[in-house]
Each structure stands twice: as C-alpha cells, then as structure tokens.
Amino acid sequence: MTTLTDPPKQAFRLSQLIYDTRYRSMTIQVIAMIGFLILIGWLISNTAQNLADLGKEPSFRFLGEPAGYDINQRLIDYNNQDTHLRAAFVGLLNTLLVAFLGCITATVLGVIIGVLRLSKNWLVARLMTVYVEMFRNVPVLLWIVFVMAILIESLPAPRAFRGDNPEATMKVFDSVAVTNRGVYVPELLFGVDARDEKGEYLDAPTGWRVGLGDLPIGASADNPACASYYATEGAMAGEPGPGCGTFQISLDLMAVLFVLIAGFYSAHRIKLRADRIQEATGERPTTWYLRLGVVVVPLLIVLYALGAYLAYPELRGFNFRGGTHMRNSLIALWLALSLYTAAFIAEIVRAGIMAISHGQTEAAAALGLRSNRIMSLVILPQALRVIIPPLISNYLNLTKNSSLAIAVGYMDITGTLMGITLNQTGRELETVLLGMLIYLTISLSISAVMNWYNNRVKLVER
Amino acid sequence: MKKTVFLGALTVAGLAAGAAAAGTLDDVKARGKLNCGVSTGLVGFAAPDANGEWNGFDVSVCRAVAAAVLGDPAAVEFVPTTGKTRFTALASGEVDMLARNTTWTFSRDVDLKFTFVGVNYYDGQGFMVPKELGVSSAKELDGSTVCIQTGTTTELNLADFFRSNNISYEPVPIETNAEAQQQYLAGACDVYTTDASGLAATRATFENPADHVVLPEIISKEPLGPLVRHGDDEWGDVVRWTLNALITAEELGITSANVKEMASAAGNNPEINRLLGTEGNLGEMLGLSADWAVAALSSGGNYGEIFEKNIGENTPIGLSRGLNAQWTEGGLIYSPPFR
C-alpha cells in the first residue's frame, strides 16, 4: 500500500502575480483596465472642467424650451411653439419611417435581384451583376444627392400644371400629382366630404356617418395647447379636450386596422381548417372566396359606416393641397437607401442560395415540384439560415445611413435634434450624446427583433 | 463596447474643449498666422477667386486684423465654416475669430459665450421670388414653399413672420447656399429667403437676374459682425478696434492711397495722429506695434473702400450703402473715438 501525500502547499506570494503564468495574464488585464479607467476619468473631468470654464455646464433643460422652428414633414402634430423635445421626437419618427420603408423595399428588391443574378438567362444575370456592382461601389451619399437632383430637375414644378393648356397633367385619372416638390396622392379620410369656402376639408358631423374622431392622449389643463379648451365649460363635463393633448390617436384608423387584422386572422383559420380536411380526406375544399370575403366584406362595411372618402390633391395657390404629400426628400432618401442596400442584400441572398447543396434542388425536382416552388418551398427556407445574420447588419447600416438625410433636407433626428436644435441652443455635447443614445437604441432594437427571428428559423440541433 | 462609443464622444469633446485656452493674441503672434473662420463661399462676402485667393467683405476684416497683429495681410489661414459648424469651430479654438456674416443676437452673445466686437454690416432678412409668380408682398406668400438655409437665425425669423401674419408655408431646409440656389431655380421652392445682402449676392450669380425680384419686406434686424470667444478681452479689443480703425479711417478720409503719406509725419488732426501712431501710444496699449492701424488700412483700405470694392454699387452684387453709410451721411456706421 502506498500513501499519496499532497505536495506541500505553497503560500501565495505577491511575486506570483508576475512570474506565475496562472496569474500573469490576469495581472496584465487588471493593470490595463485600471489604465483605461484612468484615461476615461481624465477625459471626463477634462471635458467637465473645460465646459465649466466656458460657463456651459451640461444641462438638458433646453429640451423643454420652445423650439421656434418649423418642420415640413411631421407624423404627429407639431408647430414652432412646441418644445425641442417634441421636435426631436418628430425627427425620430421621420428617421424610423424612412428606415422602416427602406428596410422593406431593400429586402424585396434584394431578394429578387439576388435570385435573378443566379438566373440561367444570360442577359438577366448580367444586368443584375451590373446593378449590384454599380450601387455597391459608389458612396450612398452620392446616390442620395443624385436621386434628389433627378427628381428636382426632371419633374415639373407645380406652376407647370397651371393654365388652360398646362405643360404637365395629373396622372391616374387625375388623382396623383407628380411634381418636383414630391408626389401628392389621394388620402383616406373619415367623416363627411364637406369643405369650407376656401376649399379646405371640414369635419362636419351630420347624419350617422361621421367617423369616430380622435382620442387625445395626455390632454389636461396643464398642457398649454389645451388651455383655451379647458377655459370653456366643455371641460366641466370631464371630456377630453379635442385637438390638443400630447398625442392624438385616430379612432377611425384603429377601427379599420382592427377589422383588417381580424379579417386576416379569420382567413388564416379557414386555411388551417382546409389543411386539416385535406390531411384527413385528401380533398381540399375550395376556400378562396371565403378567405377573400372575410377580409374584404367587413372592411367595406366599416369604411362605409365611418364615412370614408378620398381627398384628392388640387392645385390651389402656390402648391397642391389636399391628399398625402410624399416629399421629394423622403422619396430620394428612401429610394437611394433601398437601392444601395438592396445591392448588398442581393449578394447575401445569392451567397445563401449557393450555400444550399444542389442535391436539394434535384431531390425536389425528382418529387415533381416546379422550379419556382422549388425556390420558395425548398431552397429559400434553408437559405434564410445563412441569409439572416448578415441581413441584420445591413438593416443597421441602412438605419445609420439614413442620418445622411440632411443632404436632401429631410428632417430626421440628425436634422432636428443634432442640427437645428444644436445650432439654436449651442448644446453640442448634450444633443450629440442624446442622438448617439437614440441611434444606439434603434440599432439594438432592430438587432433584438432580428435575432429573435433568426432563432426561430435557424436549424434546431439536437 | 457600448460604453466605449459613449466615451469616445466625450474624448472628442474633451480634446476640442482642451484646445481653447486664454491668450489668443499671444497664440496668434507665436503662430505667425491668424486662423479666421469665414463662410464656405458667398460671392462678395467671402469666396475664393480663380487663383484660390480668398476675397470679399468679411475676408477683408480678417486681413486687416492679420495686418494689425502680424504686419502681414496674407498671414491668414481661412477656415470655411457652414452655418452649423461655425460656432463649434470658434468655441473649440479651431479659429481665432469668426467673420462670417453672423447675426449678433442675445443668446449667441450671452448663452453661447461669444463676444461680438461690433457690426460691419447692418442687414435684414428678405425674400426673393421669380417675377412670373406676380407676388409683390411677402404677405401674399400663403401656402408657398420656402427654401431656407438650416442652422441660421433666418429659420426662426421665418417661423415668427408667418406665425404673426397667420399664414402657412412649407419650409425646405437646405445645407448650403449653392444647393438652395439649385432648388430655387428648378422651381422646387417658390421663395428663397436669407439676409437681403445674401439674396443680392445670390441673384447676381443667376443667368437672368432680372427674372427675380427681392420683395420689399425686411422681416428682421440682422446686425452682422465679427466675433471672438468670450473671456479673452485683450484679443476682443484687438479685433474690435481694428474694425473701428477701418470705420474711423473712412470718417477721417484716410484711404489706402494716402495712409502711408499721412503716417510719415504727424499732421494737424490729433485723432488721425493717434490712430496712425504718430502721437500717443494706442498701439502699445493694445499690445501691438505703433503702426498697427497703418498696416490694417494698407491691407484693403478703409471701411468705405472695402465696401465699394466687394459689394458696392459698381460690383455685380450692387448693394447701396443704405444703413451702412457713415453716421455723418445718415447711416448707422459709427465708431467710438480713438482717444
């Protein structure tokens, strides 16, 4: 029998931190970390000291002061007496709008171009190669400016629509005006199609088709915009103030959206039922008219009940009035960002498709699937696993590139908070920090959503 | 990682702020060059010519200061700044002074911590429209699309004007004067608004200037002048009194042609003698040489000469003196005495 004795344990000595390989790397990291923190601390104190010397202590109070400037494109109510904070919020919504539209368009275009680039048709494949190379290799700022210049220089000004024999006319049954200030399309409104003597649309509540109106959020006597309303006796009844409040939610739009979502859900249930019947009996009942009906019929009923009508754009005074105005700046930025990012997405899609073994295509063909169904049912779902991670970074790029908006005068968060507000208040540090924080939040949110989606579609390994 | 991005911003801000130190006059002398912030190109006020030489009304102020401090009107480094970058450039010490048609306002003086040393051009905001629109007053602009340079006081004046007249407009924010010109000429906006002097300068570069009219309304006071950082009074005095020297010289009839002769010996007028350094020690008080004003005046002449050469009635810009005439001729240009 042998006895095993532990080697005598050595007490920890300080020199081990340097000479013992077990501890050395840790020592170096700790020292580096301390050095890094000292550097940061020095920078912060230096900044604070210098700002204090200049008499400009960091403060965010300016956000509560009236902005004083106007913004042309606003998704929520805003006028120049509102605060800088609200102006920044208007800009934020504009950023989100162009990022959202851009991501969708870029994805659709990118998938189509990526697939077509692999086409057996020589001409189509080469054309797509030219597209990808052209857009990828020119800075996006140039594309944005270029698209804007084309829109401004090639489209007619509103004054070309004037006169008995105008140089330009409205398109699509006189309902869409394409000008070099943007595109005016008919707008869906609720209530009654009534106008005042100046030709402005009115909300004249007569009969029962009057619409539901708006629900103000945050309307209170403290809100300056509501002050005049709360001075009247309407406030006594405890009703929310009309036309004021921090936000207004259109109840009509909510109702329409609700009916639409319910319709799609019912259509989905009908499809599931058809699937079950098909699996049980082998016969698939014809359901397309039912599925169409549950979406369209309730929608039409609701639209009629709410008194929906289209407001058409009309040339009055200097500009077209009425309808929805899609400004040139939005169109130029949206188009340029989409086209540019689509070139990158096309390459990702192509790489994803090429990563799928050719045997999959052959096996699917052997089962008798047609080539477009092979693509949509067999290849693309598998390719998505390869496509999605790089797709996320392209969405982030598109969102961040949207900060070039000021080149075409699109008032995004960079244009409002980090542009005019910075300039009028002189608060460089605060506005830029706030702006960076906002972009960081947007980017991380996009990442989170896309990672969640990636986790759903990725290959489940057991 | 996220933290580093945040701190990176602080780094940049910290370094920028660290560069701003007191003693600008000594810095400029040691450097042998004056860093002067000007606009990115507004013909008549500050624009490089075909040879790359900067010329213009604002540029002349920079050259006069460089001549007064360093004795050489060419010892200027011109830093082009946009409406957005100008204040950061000055506050961070990137430029020693700003001569960039900048409006003197309360908040810029008090809140942004700058010192306006005087006014070299009394301006006001105006509107330019194509003649074919048939508009004769700014109050007829209801519903119009207005091109406007972003980051300027004009943006706020415009909002106030339309609000107080209860008419609507659509602002089209634009970064530079050149882009505004392109959009305006293409009809993407009905109206272009900026300082009346800027409108005249812009209109002068059009192919057919006669097709455009500047409306009679001047909707704001825009006293434009050079400015320096708050808190460095010695430097502020140098720039202030150089500008005053140019103005006083016109009043006293000292021009670039006769300044050398007048400075060669003391004359009968004691104020001229004090200004040109043949009597008293004003230059020494400023920390400059005795002939500082002679050098400043030799660089481009007196205020009137600079005006006529760059933006006066015989130039394409064709601005009349108007408010900018000497006080002795009914204008507002007035310098405190050299005593």
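All heavy atoms count here, side chains included; hydrogens, waters and symmetry mates do not. So you know, we letter chains A, B, ... as the sequences are listed, proteins then strands, and number each from 1.
When the shell of 6.0 Å around CZ of A:Phe146 is examined, it contains 12 or fewer heavy atoms from other residues, nucleotides or ligands. For CH2 of B:Trp235, the number of neighbouring non-hydrogen atoms (other residues, nucleotides, ligands) closer than 6.0 Å is greater than 12. Heavy-atom neighbours of B:Lys221 NZ from other residues, nucleotides or ligands within 6.0 Å: at or below the threshold of 12.
Between A:Pro158 and B:Gly187, the closest heavy-atom pair is CD-O, 4.3 Å. Closest heavy-atom contact between A:Ile71 and B:Pro171: C-CG, 4.3 Å. Minimum interatomic distance between A:Arg321 and B:Asp142 (heavy atoms only, all atoms of both residues): NH2-O, 4.0 Å. The minimum heavy-atom distance between A:Asn72 and B:Val172, with the atom names listed, is ND2-CA, 4.2 Å.
Heavy-atom pairs under 4.5 Å with chain A were tallied for B:Glu132, B:Arg108, B:Arg86; the largest tally goes to B:Glu132. Chosen from A:His325, A:Met148, A:Gln81, the residue pairing most often with chain B at heavy-atom distances under 4.5 Å is A:Gln81.
B:Leu156 touches chain A through backbone and side chain together, each having a heavy atom under 4.5 Å away. For A:Ala160, no part lies near chain B; criterion is any non-hydrogen pair under 4.5 Å. For B:Ser144, the parts lying under 4.5 angstrom from a heavy atom of chain A are both the backbone and the side chain. For A:Asn328, no part lies near chain B; criterion is any non-hydrogen pair under 4.5 Å. Heavy atoms of B:Phe162 lying under 4.5 Å from chain A are absent altogether. Using a 4.5 Å cut-off between heavy atoms, B:Leu141 contacts chain A through both its backbone and its side chain. Contact of B:Glu179 with chain A is made through the side chain alone, with heavy-atom distances under 4.5 Å. For A:Ala149, the parts sitting under 4.5 Å from any heavy atom of chain B are the backbone and the side chain alike. At a 4.5 Å heavy-atom cutoff, A:Thr421 makes no contact with chain B through either its backbone or its side chain. Only the side chain of A:Asn80 has a heavy atom closer than 4.5 Å to any heavy atom of chain B.
Taking CG from B:Leu112 and CD from A:Gln424, the interatomic distance works out to 9.5 Å, rounded to the nearest 0.5 Å. Rounding to the nearest 0.5 angstrom, the gap separating the SG atom in B:Cys189 from the CD1 atom in A:Ile152 is 8.0 Å. Atom OG1 in B:Thr154 sits 14.0 Å away from atom OH in A:Tyr69 (nearest 0.5 Å). With values rounded to the nearest 0.5 angstrom, A:Phe318 atom CZ is found 6.0 Å from B:Leu133 atom CG. A distance of 13.0 Å separates CG of A:Asn79 from OG of B:Ser168, quoted to the nearest 0.5 Å. Between the OH atom of B:Tyr169 and the CG atom of A:Asn319 there is a distance of 13.5 Å, given to the nearest 0.5 Å.
Salt-bridge check for A:Arg181 with B:Glu170: failed, with every basic side-chain N at 4.0 Å or more from each acidic carboxylate O.
Side-chain contact between B:Asp190 and A:Arg159 is present, with heavy atoms from C-beta onward closer than 4.5 Å. In this structure, the side chains of A:Arg327 and B:Thr145 stay at 4.5 Å or more apart for every pair of heavy atoms.
In this structure, A:Asn180 contributes its side chain and B:Ala186 its backbone to a donor-acceptor pair below 3.5 Å.
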